Amino acid sequence: MALENSIFPSRPDSLSLPVEEKVESEEVEVATEVTASTGVFNVSEELGHVVTTETTSPLPNSAPVKRSFQSKLAEREANANQHRKKTQGTEKERGRFGWARTRRKRQRYVEKNGRCNVQHGNMRETYRYLTDIFTTLVDLNWRCSLFVFVMAYAVTWLFFGAIWYLIAYCRGDLDHLEDETWTPCVNNVNGFISAFLFSIETETTIGYGHRVITDQCPVGTMLLLLQAILGSMVNAFMVGCMFVKISQPNKRAETLVFSKHAVISPRDDKLCLMFRVGDLRSSHIVGANIRAKLIKSKQTQEGEFIPLDQTDISVGFETGDDRLFLVSPLVISHEIDARSPFWDMSQAQLEKEDFEIVVILEGMVEATGMTCQARSSYLAEEVLWGHRFSPMMSLAEGFFDVDYGAFHHTFEVDTPSCSARELSLAAARLDAHLYWSISSRLDEEPTLANQAAKQPDSGSANSKGGEPTFIVGEMTDIQEQSGLGELNGSVATDQSESEA
């Protein structure tokens, strides 16, 4: 550090602002200097210097440059626009003391993977879960489900094993193990372990043949029937739960994909909100249909605040476009009309809005016949104004090729920044202007026709009897509109008879 300070004791003069041209043929060298305040730099090719829009104090070594007020104003506006474009999307709000703070991100109601971000609390009537124990077990996670599955069998085996041991103990079978004349309730049951193994063999219907019940024990016979019946019920219940849990179509929804962004752009001269859906599997979704909801808090006219109010977004329910043939990726379109919640929303207002669009795709899995549902959502910042989805289907040799690499790609298109209402009003004004201009022109046509008819009547007196009159001159406005005659020197014939 000492060596550096000795070699560079002070800042070179070439780093001071501004740098003037010394030779016209030489290239302009631009030097930049880091100022104390965060200024926006702009390089002027004509003057050959660097201008900062915000500076704390003028530099002592800088020489004044004479510029006009208009050039300074234009340069400042250009710098402001450039800075606004760079900081657009990352603009920060200002707090009470002018400190920058980031905009609070909206909490999602539905995650991008379809999981609903809602937790139920303070539920006192938990007994309602036991009334539908089958659904409760199916809804458990895999760790709890496996634990319940193992414990259900283990508890029943231990319970009936203890009963078999209790019967052998009460009848005195354990005291006559070496007595061959004694007929026990269950042969070869000499302790709790052997009774537990007999319980397992009975419930699972294994039957190794070493431990077997005898006909001298009616209590054991009744217990055997009871364990066989209850064991079958436990098997049916637990195997059914595991089968339903394994065959749930939740994982089928993982191959139903939605685009990362929604777009707003014109389609058939109307603003439309669009998003893309696709199916990655070759087995199709049968009877697929799509619907969308707008999640936005609102306040009624009576002052009631409704959090997370749900509003339907039409995606073709009236025309049947919501029923999809999802063989290839499709772009779902919502026409922004007078019934749409986005009717009064412009591009500037979209950047300030706080809402969430939830899209739901439902259908039946072709392989299992079970109903599948896939969900996703789009926040306000995930809706791109003036974009359109890139095409991803091409015609190959004998088939259609779908490139899923372009599934999320969009590109910008010319889109008005005003709302759909303003576009409709502008189109209505244009139609009204055309209507009145055409009707006024049609009103003028009879007057022009009368004026054109008077000219041959005035010259009919000088014409010869019985001969048609020829008038050479410029064509009238009526002839010009109807396309008859030439621009100059047109000939008009009067077929009427001249007066004597």
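Not measured: the values here are computed from a predicted model. Just so you know, these numbers use all the heavy atoms, side chains as well, and skip hydrogens, waters and symmetry mates.
- Judged purely by atom type and a 3.5 angstrom limit, Thr156 uses its side chain to pair as donor or acceptor with the backbone of Ala152.
- Tyr378 contributes a side-chain N or O that, together with a main-chain N or O of Ser259, makes up a donor-acceptor pair within less than 3.5 Å.
- Annotation: salt bridge (charged side-chain N to carboxylate O under 4.0 Å, His left out) contacts involving residues 382-392, sequence neighbours excluded, comprise Arg108-Glu382, Lys112-Glu382.
- Sorted by first and then second residue, the salt bridge (charged side-chain N to carboxylate O under 4.0 Å, His left out) pairs with a member in residues 268-281 read Arg252-Asp279, Lys270-Glu335; sequence neighbours excluded.
- With values rounded to the nearest 0.5 angstrom, Met238 atom CE is found 10.0 Å from Asn235 atom CG.
- Scanning for ring pair (Phe, Tyr, Trp, His ring centres under 6.0 Å) contacts around Tyr153 gives Phe149, Trp157, with sequence neighbours left out.
- Side chain of His408 to backbone of Lys260: a donor-acceptor contact under 3.5 angstrom is found.
- Using a distance-only test at 3.5 Å, with no hydrogens or angles considered, no donor-acceptor pair links the side chain of Ser377 to the main chain of Ile357.
- The backbone N or O of Tyr109 lies less than 3.5 Å from a partner atom in the side chain of Glu356, making a donor-acceptor pair.
- A donor-acceptor pair under 3.5 Å is formed between the side chain of Ser145 and the backbone N or O of Asn141.
- Side chains of Phe275 and Val331 form no contact here, defined as non-hydrogen atoms less than 4.5 Å apart.
- Between Tyr404 and Met392, the closest heavy-atom pair is CA-CE, 3.7 Å.
- Counted within 6.0 Å of CE on Met233, heavy atoms from surrounding residues, nucleotides or ligands total 12 or fewer; the atom is thus considered open.
- At a threshold of 4.5 Å between non-hydrogen side-chain atoms, the residues Arg291 and Asp322 do not count as touching.
- Residue Phe411 qualifies as enclosed at atom CZ: its count of foreign heavy atoms under 6.0 Å is above 12.
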Q: Apply side-chain contact (heavy atoms from CB on, under 4.5 Å) to the pair Leu137 and Val148, showing each step before the final yes or no.
A: CA-CA 8 Å; Leu137 293 178; Val148 172; 3.9 Å; yes
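- Around atom NZ of Lys245, more than 12 heavy atoms belonging to other residues, nucleotides or ligands sit under 6.0 Å away.
- Across Ser346 and Ser419, no two heavy atoms sit closer than the pair CB-N, 3.8 Å.
- Exactly one residue among Thr255, Leu361, Val286, Val365 makes a side-chain contact (heavy atoms from CB on, under 4.5 Å) with Cys372. That residue is Val365.
- Closest non-hydrogen pair, Arg375 versus Cys116, comes out as NE-SG, 4.0 Å.
- Pairs of residues two or more places apart, or lying in two chains, that qualify as salt bridge (charged side-chain N to carboxylate O under 4.0 Å, His left out) and include a residue from residues 405-427 are Asp344-Arg421.
- Contact check for Leu256 versus Ile285: side-chain heavy atoms found under the 4.5 Å cut-off.
- By the neighbour-count criterion of 12 heavy atoms within 6.0 Å, atom CZ of Phe159 is sparsely surrounded, having that number or fewer from other residues, nucleotides or ligands.
- Between the side chains of Thr371 and Glu362, no donor-acceptor pair of N or O atoms lies under 3.5 Å.
- Of the possible polar contacts, one joining the Ser297 side chain to the Leu308 backbone as a donor-acceptor pair under 3.5 Å is found.
- Between Lys296 atom NZ and Ile306 atom CD1 the span is 13.0 Å, to the nearest 0.5 Å.
- Leu395 contributes atom CG, which lies 10.0 Å from atom CE of Met393 (distance to the nearest 0.5 angstrom).
- Applying the ring-ring contact (aromatic ring centres under 6.0 Å, His included) definition to pairs two or more places apart or across chains, those involving residues 334-355 are Phe342-Phe355.
- Counting only heavy atoms from C-beta outward, the side chains of Val263 and Val383 never approach each other to under 4.5 Å.
- For the 3.5 Å distance criterion, the side chains of Ser199 and Glu203 fail to qualify, holding no donor opposite an acceptor.
- Residue-environment remark: CZ (Phe399) exceeds the threshold of 12 foreign heavy atoms within 6.0 Å.
- Inter-residue side-chain proximity for Phe160 and Thr202 is flagged as unmet; no heavy-atom pair is nearer than 4.5 Å.
- Expressed to the nearest 0.5 Å, how far CG of Leu146 lies from SG of Cys144 amounts to 9.5 Å.
- Under the 4.5 Å side-chain criterion, counting only non-hydrogen atoms from C-beta, Ile295 is not in contact with Asp309.
- Looking at Trp385, its side chain does come within 3.5 Å of a backbone N or O of Pro416 through a donor-acceptor pair.
- Residue Leu326 holds its CG atom at 11.0 Å from CG of Asn289, rounded to the nearest 0.5 Å.
- Between the side chain of Ser265 and the backbone N or O of His387 there is at least one donor-acceptor pair closer than 3.5 Å.
- To the nearest 0.5 Å, atoms OG1 (Thr415) and CD1 (Ile264) are separated by 9.5 Å.
- For Phe400, the CZ atom sits in a loose shell: 12 or fewer heavy atoms of surrounding residues, nucleotides or ligands are nearer than 6.0 Å.
- Ring geometry for Phe237 against Phe134 counts as perpendicular: the plane angle is over 60°, on a 0 to 90° scale with 30° as the lower cut.
- A heavy-atom distance below 4.5 Å is found between the side chains of Val402 and Pro329.
- Of the possible donor and acceptor atoms, one in the side chain of Glu366 sits under 3.5 Å from a partner among the backbone N and O of His284.
- At a cut-off of 3.5 Å, with distance as the only test, a side-chain donor of Glu353 or Gln349 sits close to an acceptor on the other residue.
- With sequence neighbours excluded, the residues forming a side-chain hydrogen bond (donor to acceptor under 3.5 Å, both in side chains) with Asp312 are Lys293, listed by chain and number.
- Looking only at side-chain heavy atoms (C-beta outward), Val315 and Asp321 stay at 4.5 Å or farther from each other.
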